Number of protein chains: 2
Amino acid sequence: MVKPTKVTNSIRALRFAQGQMTQAELAERVGVTRQTVIAIEQGRYSPSLEMAFQIARVFGVAVEDVFQYPRQEGATP
Amino acid sequence: MVKPTKVTNSIRALRFAQGQMTQAELAERVGVTRQTVIAIEQGRYSPSLEMAFQIARVFGVAVEDVFQYPRQEGATP
DNA sequence: CTCCCGTGTCAAGCAAACTTGACACGGGCA
DNA sequence: TGCCCGTGTCAAGTTTGCTTGACACGGGAG
């Protein structure tokens with residue numbers, strides 16, 4: 001993937017806030033694999049809406065609180 | 001698609017609230033095709049996070065306000 | 001030191017999301 | 001009457017999210 005995604009997230013911070021939850025544990029909680037969590041956490045690609053909702057739910061916050069979407073990317077090619 | 005998606009949405013209502021915005025116009029505003037908007041609006045599949053953010057932005061509301069995610073359904077085996 | 005844990009990475013592959021293009025149908029208007 | 005508009009649908013194709021499985025590396029515990 002050449003495009004590192006526009007969406008950023010606070011998953012790592014949220015994980016620690018929830019008492020050192022590991023990536024593997026989060027992965028199991030949301031129902032995906034460890035690799036997927038790592039990739040999303042690093043912003044390699046943006047997850048599906050459903051996954052975003054599930055992640056937000058695990059942390060007990062709103063999706064807007066986990067994922068940040070920058071307004072209108074400058075389209076810098 | 002056999003699974004009609006778990007995520008529902010209020011796109012149609014939002015479109016009308018914004019003064020009869022057509023599907024084609026919404027599609028162009030979010031940067032996708034007309035078919036994609038129709039499919040999402042009918043809940044045939046859930047969009048990506050980025051698309052969800054863009055749609056919410058067009059309507060000037062939060063993503064939670066456009067898309068509703070039911071909590072943990074019966075876990076269909 | 002050696003083993004296990006949490007993390008990160010690569011590769012191949014499937015499925016879902018998204019695209020392009022064509023066609024159908026009802027309603028309003030010239 | 002004919003035509004444009006908004007909507008919905010089918011089909012085939014590309015992209016990309018997500019999976020499985022294997023391997024690497026630093027740190028803490030035995």
Side-chain angles (χ1 to χ4, degrees), chain A residues 1-59 63 66-70 72-73 75-77, chain B residues 1-59 63 66-70 72-73 75-77:
Chain A
M1 186 171 292
V2 228
K3 308 181 67 178
T5 308
K6 304 151 197 165
V7 180
T8 60
N9 66 81
S10 314
I11 295 182
R12 183 167 287 269
L14 264 336
R15 281 214 344 269
F16 275 74
Q18 297 289 315
Q20 320 295 316
M21 179 188 294
T22 66
Q23 294 175 332
E25 191 180 333
L26 174 59
E28 230 175 83
R29 293 256 227 128
V30 294
V32 296
T33 58
R34 208 166 57 77
Q35 283 82 333
T36 301
V37 168
I38 294 176
I40 292 176
E41 182 171 315
Q42 297 180 339
R44 296 224 240 146
Y45 52 68
S46 52
S48 64
L49 229 207
E50 290 177 61
M51 188 160 307
F53 269 115
Q54 286 176 85
I55 292 175
R57 183 149 298 168
V58 166
F59 290 130
V63 304
V66 182
F67 301 94
Q68 294 81 41
Y69 187 70
Q72 223 59 335
E73 74 275 8
T76 28
Chain B
M1 184 171 290
V2 226
K3 308 181 66 178
T5 308
K6 304 152 196 166
V7 181
T8 61
N9 65 81
S10 315
I11 295 182
R12 184 167 286 269
L14 264 337
R15 282 213 344 269
F16 275 74
Q18 297 289 315
Q20 321 295 316
M21 180 189 294
T22 67
Q23 294 175 333
E25 191 180 333
L26 173 58
E28 230 176 84
R29 293 256 227 128
V30 296
V32 296
T33 59
R34 208 166 58 78
Q35 286 80 335
T36 302
V37 167
I38 294 175
I40 292 175
E41 181 170 316
Q42 298 180 340
R44 297 225 237 147
Y45 52 69
S46 52
S48 65
L49 227 206
E50 290 177 60
M51 190 160 305
F53 269 115
Q54 286 176 85
I55 293 175
R57 182 149 300 170
V58 166
F59 290 129
V63 303
V66 182
F67 301 95
Q68 294 81 40
Y69 187 69
Q72 225 62 332
E73 64 247 30
T76 27

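All values below were derived from every heavy atom in this structure, side-chain atoms included, with hydrogens, water molecules and symmetry-related copies excluded. Treat the numbers as computed from the prediction; the structure is a model and nothing was measured. Chain letters run A, B, ... following the sequence lines, proteins first, then strands; residues in each count from 1.
Between the CE atom of B:Met51 and the P atom of D:dT16 there is a distance of 12 Å, rounded to whole Å. For the pair A:Leu49 CG and C:dA16 C1', the computed distance is 14 Å after rounding to whole Å. Whole-Å rounding puts the B:Ile55 CD1 to C:dC18 C1' distance at 12 Å. Per the geometry, OH belonging to B:Tyr45 stands 15 Å off P belonging to D:dC18, to the nearest Å. What separates CD of B:Glu28 from P of D:dC5 is a distance of 14 Å, to the nearest Å.
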Check against side-chain contact (heavy atoms from CB on, under 4.5 Å), B:Met21 and B:Val58: CA-CA 11 Å; B:Met21 180 189 294; B:Val58 166; 4.0 Å; yes
Please report the C-alpha distance between B:Val37 and B:Thr33 in whole Å, then the side-chain angles of each, then the deciding distance to 0.1 Å, and finally whether the side-chain contact (heavy atoms from CB on, under 4.5 Å) criterion is met. CA-CA 7 Å; B:Val37 167; B:Thr33 59; over 6 Å; no
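Nucleic acid contact for B:Ser48: sugar-phosphate only, since backbone atoms but no base atoms lie under 4.0 Å from a heavy atom of the residue.
Every side chain to side chain contact (heavy atoms under 4.5 Å, CB included) that A:Thr8 has, sequence neighbours left out, goes to A:Gln68. For B:Phe67, there are no ring-ring contact (aromatic ring centres under 6.0 Å, His included) partners, not counting sequence neighbours. Scanning for side chain to side chain contact (heavy atoms under 4.5 Å, CB included) contacts around B:Thr22 gives B:Ala24, B:Glu25, with sequence neighbours left out. For A:Ser48, the side chain to side chain contact (heavy atoms under 4.5 Å, CB included) partners are A:Glu50, A:Met51, not counting sequence neighbours. Scanning for side chain to side chain contact (heavy atoms under 4.5 Å, CB included) contacts around B:Leu14 gives B:Ser10, B:Phe59, B:Val66, with sequence neighbours left out. Under the salt bridge (charged side-chain N to carboxylate O under 4.0 Å, His left out) criterion, A:Arg34 pairs with no residue at all, not counting sequence neighbours.
Residue B:Ser46 has a polar side-chain atom (N or O) positioned under 4.0 Å from OP1 or OP2 of C:dA17. Contact between the side-chain N/O atoms of B:Thr36 and the OP1/OP2 oxygens of C:dC18 is not found at any separation under 4.0 Å. Note on B:Thr33: a side-chain N or O is less than 4.0 Å away from OP1 or OP2 of C:dT19.
Counted within 6.0 Å of CD on A:Glu28, heavy atoms from surrounding residues, nucleotides or ligands total 12 or fewer; the atom is thus considered open.
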Encode nucleotides 7-12 of chain C as B, S and - characters from 5' to 3', where the letter depends on protein heavy atoms closer than 4.0 Å: B to the base, S only to sugar-phosphate, - to neither. BBB---
Nucleotide N/O to protein N/O under 3.5 Å, stretch nucleotides 26-30 of chain D:
none

